[in-house]
Amino acid sequence: MNQNANLQNEDLARRFKEAMEKLEQEKETMEKIKDRNILEIFFSSSTKDLAKAGIGLSEAVSELRSVVNDMLPLMKGTKKQVAELVKDLFDAVKSQSDINSDFRSQIITLAKRHVDLSIRIRTLEEDVNSLEDRIMSNEEVEKIIVDVKEAFLKKGKMNIDRLLMICQSLQKYLNGVILSCKAKQRILVAIKEQSNDSITETDLNARQAGIAECFKEFSGKRNQRGGIVSQFIFDKIPFNQGKKYKISDIISEIIDAVSISESDRFVEYRNQLVRMIDSFLENKIDVDNKYSPELYATKERLKESIFEIALIGEFQGGKSTTFNALCGGREISPRGRNGGGVKTSAAVITAQNIDGNETKEGLREWAEITWLDETEIRRRIFDVIKEYDNGKDPWLKKKEKESLPHFESVLNMAWQKNVLGDDLDLLRIATLQYKLLKTRMLEKCRNKTVVRIGEFQKMITFPPNWEQRWLNGEKADFMPEECCFAAIDHVLVRIHSDSLARLGCRITDCPGLFVSKWDTARAFEVMEKANAIWYLLNGQKQIGTADTRTLESIKDLGYEDKCFFSINRRDDANIKEILSADMSKVESLGLYPEQIYSFDAFLSFRCKQITNLDHFVDEDYRRLVEETNKGQYDSVLAEECKANERKCLERINKLICKHLCAIDEESLADQMKDSETITPDSGIYQKLFRLSGTPDILNAMEKMIISNKAHSILVTNGSQVCEEILSDFSSSLKLLEKSADMSLGKAKEMKEDAVAKLKKFTKDWGTQFDFLGTDEEDKITYNDLGLVSEFFTTKKDDIVKVFSQIAIRICIDEWESHTMTITGKAIDEIVEEKIKARFTTFMMGKIKEYRKELRNNERFCKSIKDPFKSRVIKMREEWDELKRDNALLNGIELPPPNVESDLRGDEINIVIAKLDFLPTYFLEQIRDFFASLLNGETTEERIKKLFNEKKPIQFAYDKTRNDETSKNCIAKYFGAQRRYYVSLLNDSFNKMNNTLSKNIADWDKVLSQRKKEKEMIAINAKNKRENIVKPYQVIIKKYEKNVALYYD
Amino acid sequence: MLRCIMINDTDRGADCSTAPRKSLLALAGKYQNGKSTFLNCLLGGMYALEGDGTVTTKHIAKYTYGEYREAKLFLPDGTIQVLSSPMPDQIPKQEKGSTIQVSVYSPVLMKMDILDSPGCGASKTDDREAREAVTYADMVIYVIQKELDFEDVSFLKDITEHNKYYTVILNCLDEKAPDDADAKQICNAVMAKITTEHLDRNYLPLSKEKQVYPVNLLWAQCALGYLPELEHRRKRNKIKNFMEQDNITPLSLLEKSGFLSLRSVLTNLVALSYNIPSASMLSLASGITEEWTSELLKTIKGI
């Protein structure tokens, strides 16, 4: 028996040695290839060999161990394999039936080594973790595409090998790597190009097993979506049995499932930080509650951070349908009926997903209405009617001017006048607002701030027959309830929607463009605030002049970087032609979007409807019945739908089928017709949703928004703030520790020393910054004015050139389109309305640019910014040196004055707003120019000649340059920036002083204790610092590194 | 310029001072709103190129009565060229000041000439041409698809300032029937807007009930058999499905489209603006009562 076993052992040992030699050989090549995948395969085969060899020859095992250890650095991201390898080995040894005592002891050693190895693995894991979060470089993406193409180009039919190969190469790159959206899209395109053939039924089982094998890896990965993949493999494929199934569909589904979406990643990072803060706070070591409030505030800020997308488009261009699709197919934004034609929504609506089970006033989903307050309404009425106020009594006080009787009399006067166009619209709204104030209806309304979904819509819709009812002018009869919309500022809708959750954004539906001045202005307000603009082009016809104007404004205001273009595919138009016409138009305007995403608002809306049947409210049923019942509402049918989900589904399916037929997707429509077997969670709806093209836009937008903002939210305002707080905390604890072994006399000495040192330091450095000046507010120094003339000299050529060009373009355009109607009288109108609107937007955009340039103005940098910066750096160095000498100073950080930061918020706007002198000057010039043209010949050449001879822009520029007010404006800007630096510095010094006195006070408190207590305090402090604060500092630092790696 | 063919029709040798001139009806409206479709329906065939979302009508073209189909180009220097294709939009954009005249053998053109112009709202040049075309017309038909926006209002203002008669027709989209409640609502809103913006001075309502006239031109075109099979398969399919679903015959579709009554009231009305015919002739047009005709006459004479 024993002999037998020994023989067996020898045999096995020989085999194992052979395997090891092979392993060594392979190792060399491995180092060259560094290919994770091959490593994996290799390991799995050698594990099998080992399992066969099985028994623990201590020599062989230790050899194996060293090999494994050698290979560890190569095995990026394959820690699981290592762990499995060891486990397999262990199991194999254990499963040996006839174990003698030798073997037993060897097993124990092996087990011990296993533990040893697992510790190593853990260290390895950390390295691997940081590697997993990288973004792919372009070359890598190219490589994937080549791989995928090659896989497809292999000759022969689409067989199991090819499929496996694709899957493997995809897996290789998807494993632990986050693909950028662009990369994903390109892979998809590559796959789709090649895989138009479908799988037949025959190989299904083998294939299924193959795919399952290939993707089994995913299910175990830390990637939370692994579960989805395995579910997909085991559920979806049998479901499609017997039906044609396109590879591209499989792959795109896999890619969707496997890759973490950008917003998930952001949310994950955010939650990580939130969790860190939470767990730190749970320790409750901050007994004096000095640092917790700040941490708590940081946490709340993190939680609230949310991105915003503005949905912009022509009225009745499918905007509300798109918005509602994103809201999960619900009737949130009032849609125009049956193709529309009448403007519907009157307010700005924002939708945001509800995370978790939050409720408000007992509602699971709700709308929060923000009402205009009474003063605001009065101000708005006043703004509208002031021009009709003949100024009979200029001495009327402001309060009286905004009183109801005054409103009434001026409104009466206004209605007597022949008001037209936009002004008429404004007047109507003002009249309604007056009515609200008069009837005290507003007070009642304002109580309603949280309302049910389905209820708020009628509060924001224009009253029915809006135009018709104004035929009698001011006597138009509106119920006070109907006027509500005029007092609503905006509505925030909180609902459960997976699309919104996925984007991690709130989305705002703006009033349609081009309906009235008021609506367009609102839309621009929203655009300014938003992180991204989703511009919806009408898929029915190519871009016209109205869109062109808006796009020009977008360009002029500098919003092009955050603008996404999409076109709503319509069933009856030739989308290809429209798209190419639109693209060239958009490009001719100087906007270069990567892509105009074409999508199908109707389809995505309907698909989402199906998946959200359980969220339906009365409004949804009403519209559905109307739309499937020839525009007629039938309460019986609605009740029927309400009672039976199936009926709803059938009705929606009918609409989808009709649409599918219209867009030449009859085969899909045929699948839909079999509606008895279709359930809301059938794969077909996901497929249709993908067909609608919406996911692509969402992906692209998500990527852009998040990469733009995530860093500032997570790092600058998140982890960095935490770090600062923790380091403050840590130094205060250190101080407590020191205090334990110090005599009172020595302590006093130290205190005095610290105070003196700080005093000297601030005094010395204070004088170093004297060059910044310390004048009072608004005082302009000679220095500032010098900077102004510098600015004007360096900028002159650029400004004159750019503005001349734009002015010429405007003149030519406006002149050409008015040659038919231009009269002396019309000039004023043109100048005032058209040019002003266009030119001012352009100017504002330009001014923004110049604002940036002002900040980086060469002379300003030389004389103020750079010296400030270099002195700050020096000062910090000196302080670091100084604080080492005294423990009391040790905890005091010199708060870093952020030199790059600018004046914040209103302050800068007030200063800069004064810069809009430029448009006014140019306007005057253009007005003169038009007047002169009226008398003469009108050709483009003449316009150009006039511009060259008279040089109106240069004239205006020179005038501006020599104008005292405008000089002062800019000088004030420089002055403000200077003072801002001074205040930064003073803040820093003050903070240092405060911290020191706080430190001293803390210390005194400790020093006054008895010795034993002092010791206790010191031990406590040390414990806290070393066991709690320090680890958190390390974690947060590491976190920051990770985040920065991903987002930079 | 344009005026040379609008008034001095030298080609045919007609002396405009003695011969009674036919009325000139101009079609205007935003691009891709169905002006060319309307023209094709009126003329009874495929005479003007129709778009599929992109701008198609590039020229101002006058359609006039002729024994055979032919298109001629009038150059600014006075020379005339016969075009190789009778479809004016198949030729490239001509130099400024040249105009196109298309003769078509169609009964409608015996009563009037029709001016098809580029749609407004697409580009500034097109806008200018559209506005220019209006100045030559005796009456303008403005085609819309949805409520008036500020571009529409500004165009109508131009028409009013040139003291031209005009009327607005609503081309219903998709499966919207002209007698649908929604269509009516748009019509009413448009009419109210015209009134409140003081654009009603020269407005000629085509019917008492339908002051803004709703019509579904696609239905009409399909029912009349003018919708080409190949280019507009999707449109046809859509209508076909719709017809199958509700058991609609082509005849009843034509009736539903509202085109027939529009055509008859229009042909009579345009004739009116120059030669006032008898009231009985007007009343022949379907859907028009004696009372309404005389009211209409009063309006016209009154202006």
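So that the names make sense, note that chain A is the first sequence line, chain B the second, and so on, each numbered from 1. Since we're looking at a predicted model, the values are computed, not measured.
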Next on the checklist: As an exercise, state the distance from CG of A/N465 to CD of B/Q185, rounded to the nearest 0.5 Å.
Outcome noted: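 Interatomic distance, A/N465 CG to B/Q185 CD, rounded to 0.5 Å: 5.5 Å.
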Checklist entry - How many angstroms lie between atom CZ of B/F150 and atom CG of A/D425, to the nearest 0.5 angstrom? => result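 Separation between the atoms: 12.0 Å.
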Item to check | Selection from A/G544, A/G539, A/P464 maximising heavy-atom pairs under 4.5 Å formed with chain B | outcome: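 Between A/G544, A/G539, A/P464, the count favours A/G544.
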Checklist entry - side chain to side chain contact (heavy atoms under 4.5 Å, CB included) between A/L471 and B/T196: does it pass, once the steps are laid out? => result CA-CA 6 Å; A/L471 280 172; B/T196 51; 4.1 Å; yes
Checklist entry - Do side-chain atoms of B/K193 reach the backbone of A/E467 as a donor and acceptor pair under 3.5 angstrom? => result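 Such a contact is absent between B/K193 side chain and A/E467 backbone.
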Contact part of [X] toward chain B, heavy-atom cut-off under 4.5 Å: side chain, backbone, both or neither?
X: A/I543; result: backbone
X: A/L420; result: both
X: A/K585; result: neither

Checklist entry - By a 4.5 Å heavy-atom criterion (distance strictly below it), what part of B/S123 contacts chain A: side chain, backbone, both, or neither? => result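 The backbone, not the side chain.
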Item to check | Derivation of the side chain to side chain contact (heavy atoms under 4.5 Å, CB included) call for A/K541 and B/K30 | outcome: CA-CA 10 Å; A/K541 32 167 117 173; B/K30 285 258 185 78; 4.0 Å; yes
